[in-house]
Structure formats: C-alpha cells, structure tokens
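In what follows, residues are counted from 1 in the order of the sequence shown.
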Amino acid sequence: MKLWSNSFADGARIPGEFAFCVIDPVDHVKLSGNRNPHLAWSGAPARTASFVVVCRDGDVPSRPDDVNQEGREIPSTLPRVDFYHWLLVDIPPTLASIAAGGFSDGVTPRGKSGPAAAHGTRQGVNDYTGWFASDRDMNGDYFGYDGPCPPWNDSMVHHYEFSVHALDIARVPLEGRFAGADLLRAIQGHVLDSARLVGTYTLNPRIAGS
C-alpha cells in the first residue's frame, strides 16, 4: 500500500493549520486551526473489508517534570512514549481518501463528540483526554483528530506517524469509547497491509527554523 498527503510531504514539517497549537512570541503558544490533514491511499489488497487510520507521536516526554517550564528545556535523552492523536475505524473499503478538515476543523474545548463520525466511521478518544483531565476548562473526552501541540521547551522535533491499515473485517470489534491500546489489540491478526507517512512539528522557537 501507499499513503500520501496533499497537506505535507513525507518527512516534512506539518503546517500550523493542521496543529492544535502554533508558536506565539508572547505566550509561547496559541490555539491553531486544528484541521485534520488530507490523506489518500492506494494499493489495498482485494480482500480489504475496511480501513483504519491512526496518528501517533512517539516523541512525547515520559516524565512531565520539565514540560513547559520557564528556564528549562526537555533534554533529547529523556525516554519517550506514545501519544495518540487520531483513531479512525470502520472506513468503508470504497473510500480511499480523507479531505483536509473533513473530520476536524478547529479546537473544541472538552473534546469533539463521538464515537460516531462521517461516512459510517467511528473514532476513538485521543490522548488529549488524559492530558486535559485535570484542567477545569478543557477536560473531557477528546474523540477524533486533535493535532500537534508538543511542549514548547522540548529540544526534540516531534515525529507524527500517520498510518492506514487495510483490515479483513468490516467493523473493528470495539464498543463505545476506546483508546489507542484498545485499537491495537482489536486489530491484531486482522491487518492485511499497511502504509505510513511521517510529518514533523515543534513549538520550540530555538529549533523551529532548523
């Protein structure tokens, strides 16, 4: 299979309109367009019954001690963990592209509704659900796509992996609210083929132009 985007090239920087936040010279960051990027794929196996799309950032700091702290920078040597930005399942086999902004177009405080979504699809909760859990103004279930907003003091550029998976089942065996780990377990043994695309993003002005 092949996966591509008209929104950014493989290995290139993701434009700010597809991010949750952009750099602000006064307050470090400000909310952005938060549109999902365009994605398209080809070469799926003939037996494909549905597709799954996942967006994952594997460069998230494993400890919050230095995150967004004045006068500190998160070292690149700190171990990193996964943060899921999008879990889209039950995509019909007749669908081979997703329009930019088709599933997300702006930041929704407390999260977008779900799991039901366009074209008969469903969406899981992304990891902003946990990130905002203690925020009185933002807490809630964040279904669907919410774009990049890495720590503004991270010394690492983050890599966002968009992947599409062709499945041999029409409906992922999950009910109600589900997260990234739930989805990975549910599709195990059902993936016929996959393709990946990586975009980069940073909110650290020191490395943003590098």
Locate the shortest heavy-atom distance separating [X] from [Y]; write the atom from each residue and the value.
X	Y	answer
Thr48	Ala166	OG1-CB, 3.5 Å
Leu78	Pro61	CD2-CB, 3.6 Å
Pro79	Ser62	O-OG, 2.7 Å
Ala208	Ile23	CB-CD1, 3.9 Å
Phe18	Ala100	CE2-CB, 4.1 Å
Ala170	Ser50	O-CB, 3.5 Å

Considering only residues two or more places apart or on different chains, which pairs with a residue in [range] satisfy side-chain hydrogen bond (donor to acceptor under 3.5 Å, both in side chains)?
range	result
residues 125-137	Asn126-Asp146
residues 77-91	Arg56-Asp82, Arg80-Asp154, Trp86-Gln123, Asp90-Arg122
residues 23-32	His28-Glu70

Checklist entry - Does a sphere of radius 6.0 Å around CZ in Arg171 hold more than 12 heavy atoms from other residues, nucleotides or ligands, not counting ones at 6.0 Å or beyond? => result yes
Any chain of hydrophobic side-chain contacts (each under 4.5 Å) joining [X] to [Y]?
X	Y	result
Phe178	Val172	yes
Val52	Met1	no
Phe143	Leu87	no
Val164	Leu88	yes
Val22	Ile207	no

Roughly how far, to the nearest 0.5 Å, is the [atom2] atom of [Y] from the [atom1] atom of [X]?
X	Y	atom1	atom2	value
His158	Asp57	NE2	CG	5.5 Å
Ile91	Thr121	CD1	OG1	6.5 Å
Lys2	Asp10	NZ	CG	10.5 Å
Leu197	Trp4	CG	CH2	11.0 Å

Checklist entry - Does a side chain donor of either His159 or Thr200 reach within less than 3.5 Å of an acceptor in the other side chain? => result no
Next on the checklist: Between Glu17 and Asn34, is there a side-chain donor-acceptor contact under 3.5 Å, judged purely by atom types and distance?
Outcome noted: no
[X] vs [Y] side-chain heavy atoms within contact, under 4.5 Å:
X	Y	result
Pro151	Leu203	no
Val191	Leu167	yes
Ile187	Pro173	no
Ser42	Leu3	no
Pro150	Tyr160	yes
Pro15	Arg13	no
Ser194	Ser163	no
Pro148	Phe20	no

Next on the checklist: side chain to side chain contact (heavy atoms under 4.5 Å, CB included), that's the test. Do Leu183 and Val54 meet it? Break it down for me.
Outcome noted: CA-CA 9 Å; Leu183 177 56; Val54 174; 3.9 Å; yes
Next on the checklist: Is there a side chain to side chain contact (heavy atoms under 4.5 Å, CB included) between Asn204 and Trp152? Walk through the geometry before answering.
Outcome noted: CA-CA 5 Å; Asn204 187 337; Trp152 51 258; 6.0 Å; no
Checklist entry - After noting the C-alpha distance and the side-chain angles of Ile98 and Phe103, does the key distance pass the side chain to side chain contact (heavy atoms under 4.5 Å, CB included) rule? => result CA-CA 8 Å; Ile98 292 171; Phe103 284 85; 3.7 Å; yes
Checklist entry - Does the ring-ring contact (aromatic ring centres under 6.0 Å, His included) test come out yes or no for Phe132 and Tyr142, once each step is laid out? => result CA-CA 9 Å; Phe132 287 127; Tyr142 281 72; 5.4 Å; yes
Checklist entry - Is Asn36 reaching over with its side chain to a backbone N or O of Ala99, donor-acceptor style, under 3.5 angstrom? => result yes
Item to check | Sidechain-backbone polar pair: Ser155 side chain, Ile74 backbone, donor-acceptor under 3.5 Å | outcome: yes
Checklist entry - Does the side chain to side chain contact (heavy atoms under 4.5 Å, CB included) test come out yes or no for Asp66 and Glu73, once each step is laid out? => result CA-CA 7 Å; Asp66 295 329; Glu73 189 168 87; over 6 Å; no
Checklist entry - Does the pair Arg72 and Asn153 meet the rule for a side-chain hydrogen bond (donor to acceptor under 3.5 Å, both in side chains), with working shown? => result CA-CA 7 Å; Arg72 304 184 195 175; Asn153 63 337; over 6 Å; no
Item to check | Check against ring-ring contact (aromatic ring centres under 6.0 Å, His included), Phe162 and Phe8 | outcome: CA-CA 11 Å; Phe162 291 81; Phe8 62 94; 5.6 Å; yes
